[in-house]
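The sequence lines fix the lettering, A, B, ..., with proteins before strands; numbering per chain opens at 1. Just so we're clear, the structure is a prediction, and the values are computed from it rather than from any experiment.
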Amino acid sequence: MSSVKVKLKDGSVKEFPRGTSFLAVAEGISRGLAKAALAAKVDGEVVDLAQPLNQDAELEILTFDTPEGQDTFRHSSSHILAQAVKKLFPGTNLGIGPAIANGFYYDFDSEHVFTPEDLTKIEQEMDRIVKQDYGFERSEVSREEAIKFFEARGEKYKVELVQDLPVDAVISMYRQGDFVDLCAGPHVPSTGKIKAIKLQSVAGAYWRGSEKNKMLQRIYGTSFPKQAELEDYLFKLEEAKRRDHRKIGMELELFSFHDEGPGFPFFHPKGMVLRNELENFWREQHKKNGYQEIKTPIILNRSLWEQSGHWDHYRENMYFTKIDEADYAVKPMNCPGGILVYKTRLHSYRDLPIRMGELGLVHRHELSGALHGLLRVRNFTQDDAHIYLLPSQVKNELMGVISLVDYFYTVFGFEYHVELSTRPENSMGSDADWEMATNALQEALEAKGVNYKVNPGDGAFYGPKIDFHLRDCLGRTWQCGTIQLDFQMPEKFDMHYIGEDGQKHRPVMIHRTIYGSIERFIAILTEHYAGAFPLWLSPVQVRVLPISDRHEEYARNVAAELSTADVRVEVDERREKISYKIRQAQMDKVPYILVVGDKEVESRAVAVRRRGEGDLGARELDEFVQQVIGEIAKKL
RNA sequence: GCCGAUGUGGCUCAGAGGUAGAGCAGCUCACUCGUAAUGAGCAGGUCGUCGGUUCGAUUCCGACCAUCGGCUCCA
């Protein structure tokens, strides 16, 4: 028998007889590895461990510590879920059941509506299947066999899937016990590998993600090789939920929602401090970067929206009203208003690029089921700007905006990912314009060395866009910053500038935001810091706690001094024990707590307590004031 | 909008077919206190809204509204 060589991840090369299974290879490397092995990655392709080694290859044995190993593990878990559901609810038809970021799901079509109690029963059945330790057996079948197989079982969704597979696709089936499913694989060797399973929720999901199709029932779950890992994960989930901006926002009195205005947030005094700080920082940076600021009306005549294309492409999301019998719309975007400002005078090519910013309040009709705290609302303030420029300036300007976005996110310590969204279905303009615009965005990203993924068909109706996505406490990502390149609006509004040749020329337009929406950004900030905002953003920066009422006057003097230095300060004059006030201030996440008693009054000092660090001891008042001013200025 | 769940005083949550409780917060009083909760008392709810069943519903049924988790959509 001939032998073949495998190159392992650590660079070493080993020889095995041709036809050795990858599981045997893993055993040849180490017993521990074989036990933890879930799948194999051979020359970049992930396959079952039962597959034979047929030729020289680069090989990685995948365990739960690798992303591919986890996916395989979760995917196998979803098959076990399907098997359990078929057993307990025999009439059920199967949709699809993939692995997802932190678990898996399976879509079912069933007369029976799954309840939370059912999930417990299904979990028990899954545990039984795990104990049986069925092997996952792969087989390859012809298209006809596959269709016949699923038709015989009434699995219409599976039949549809098979029919839609590409002509040259290898069609494979996986069997564990008496359960067989259409599946490309790979899978873990046997059900016994999936030691710890938790079904988390049931949700409706349209077949193939289209609202035109039937809604199926999707069961979400997660799984781990060890019970302890599952518990650890569930605990972390609970922890993450404690960061939820909706909860913290209420506790810290930042904002509220009311039945009288679903999706319309109310900002409270402390939330306004945050907003204003964000806006101040925004204005300061934009001024520095050559932006001007404008403010345009919220309600504008319908004709404007017809001209801009919003009437044709965005009507579903807009609110309308009548004024003196004429039709008006509440703006869902700021661009048409901004364009009117541009058009109030002639512009020379020498003036371009013109960067016009607007903190604009827009209203959009979001589906009721889509509303989500401050992360998805029906009115929000975009930190918008429209840049009018020469075609030759596009790339440079785009690179500048990308840098500005990166600068902002860095200040807040955010990590983000970038997507390039291309032409959607219901859009306007020529293919050539779209291609040009998309290429320009792509070139700018590449010139900046930014990693990005393409998000096909997700652009705005007037142009492609670069989206910047931030994470919430549960790992869901939300689009915040966006940069959109637009050749359509200048056309629609017959915009121009006077060129070197004295003739009229068409400018190009960039729409961009950095925060995206102030509301959404505040939500992300709140979750990112778990409500413990950095000093410069904190609604209350310092709280002074007099030990007894004879220290109140001094406490007020301390506060006055800080206040004069533009520090946001409060005095807790309640007649409570000092430890009670400290507890309170800590829970309110105030960055600096100043305790003042006899000693401090005597020496004009303050006893400083820093959030997260505890008691720092006494300090001269003036010294403390200077220190705080310095820290605020440095945006600490 | 669709699927499922939930909706009890400011907040967190008990509760049962016979018109509701606890803790925290609030208010009052006492304690004048040194780094994460002093004690006592008081007050506070037409049990999301509107209908229906019933002698009687907040508890059962229906519709609607809102919220939560998804789908779809999106800053």
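- The P atoms of B:C11 and B:U46 are separated by 14 Å, rounded to the nearest whole Å.
- Between A:Y462 and A:H310, the ring planes lie tilted relative to each other; the angle falls in the 30° to 60° range.
- Heavy atoms of A:S579 sit under 4.0 angstrom from primed sugar atoms or phosphate atoms, though from no base atom.
- Counting any heavy atom pair closer than 4.0 Å across all strands shown, A:K581 reaches no nucleic acid atom.
- Taking the charged nitrogens against the carboxylate oxygens, A:R574 and A:D549 have no contact shorter than 4.0 Å, which rules out a salt bridge.
- With B:A25, B:A75, B:U35 as the candidates, the nucleotide lying closest to the side chain of A:T482 is B:A75.
- In summary, A:E397 and A:R355 engage in a salt bridge, as defined by a charged side-chain N under 4.0 Å from a carboxylate O.
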>> Let me check I have this right: for RNA chain B, each base becomes ., (, ), [, ] or |, based on Watson-Crick or G-U pairs with both distances under 3.5 Å. What is the full string?
In response: (((((((..((((....[..)))).(((((.......))))).....(((((..]....))))))))))))....
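- Residue contacts shown for A:D259 are limited to sugar-phosphate atoms, with no base heavy atom under 4.0 Å away.
- Across all strands, A:R610 comes closer than 4.0 Å to no nucleic acid atom at all (heavy-atom distances).
- Ion pairing of A:R610 with A:E631 is present here, as a side-chain N (NZ or NE/NH1/NH2) and a carboxylate O approach within less than 4.0 Å.
- The side chain of A:K465 contributes an N or O atom lying less than 4.0 Å from OP1 or OP2 of B:A75.
- Within 4.0 Å (heavy atoms only), A:G204 reaches at least one base atom of the nucleic acid.
- The backbone N or O of A:G597 sits less than 3.5 Å from a side-chain atom of A:E600, completing a donor-acceptor pair.
- Looking at heavy-atom distances under 4.0 Å, A:E316 makes no contact with the nucleic acid at all.
- Across all strands shown, A:N317 has no heavy atoms under 4.0 Å from either base or sugar-phosphate atoms.
- Checked for salt-bridge contact, A:D458 and A:K465 miss the test: no charged N lies under 4.0 Å from a carboxylate O.
- A:R376 comes within 4.0 angstrom of a nucleotide base, judged by non-hydrogen atoms across all strands.
- Within 4.0 Å of A:G209, counting heavy atoms only, lie sugar-phosphate atoms of the nucleic acid but no base atom.
- Between B:A25 and A:Y580, a contact under 4.0 Å exists linking OP1 or OP2 to a side-chain N or O.
- Between A:H372 and the phosphate of B:C74, there is no side-chain N or O to OP1/OP2 separation shorter than 4.0 Å.
- When heavy atoms are screened at a 4.0 angstrom cut-off, A:V377 is found touching base atoms of the nucleic acid.
- A salt bridge links A:E293 with A:R283; the closest basic N to acidic carboxylate O contact falls under 4.0 Å.
- By the 4.0 Å N-to-carboxylate-O rule, A:D615 lies too far from A:R609 to be salt-bridged with it.
- Residue contacts shown for A:A607 include a base, since a base heavy atom lies under 4.0 Å away.
- Look at A:R471 and A:E527 and you find no salt bridge, because none of the NZ, NE, NH1 or NH2 atoms lies under 4.0 Å from a carboxylate O.
- Counting any heavy atom pair closer than 4.0 Å across all strands shown, A:R550 reaches sugar-phosphate atoms only and no base atom.
- Phosphate proximity of B:U67 to A:R246: absent, as no side-chain N or O sits under 4.0 Å from OP1 or OP2.
- Note on A:E519: nothing from the nucleic acid sits closer than 4.0 angstrom, heavy atoms only.
- The phosphate of B:G34 has neither OP1 nor OP2 within less than 4.0 Å of any side-chain N or O from A:R609.
- Remark: A:Q479 is not in phosphate contact with B:C74, judged by side-chain N or O atoms under 4.0 Å from OP1 or OP2.
- Within 4.0 Å of A:F257, counting heavy atoms only, lies no atom of the nucleic acid at all.
- At the phosphate of B:G70, neither OP1 nor OP2 sits under 4.0 Å from any side-chain N or O atom of A:S201.
- With C1' as the reference atom, B:G4 and B:A37 are 40 Å apart, rounded to whole Å.
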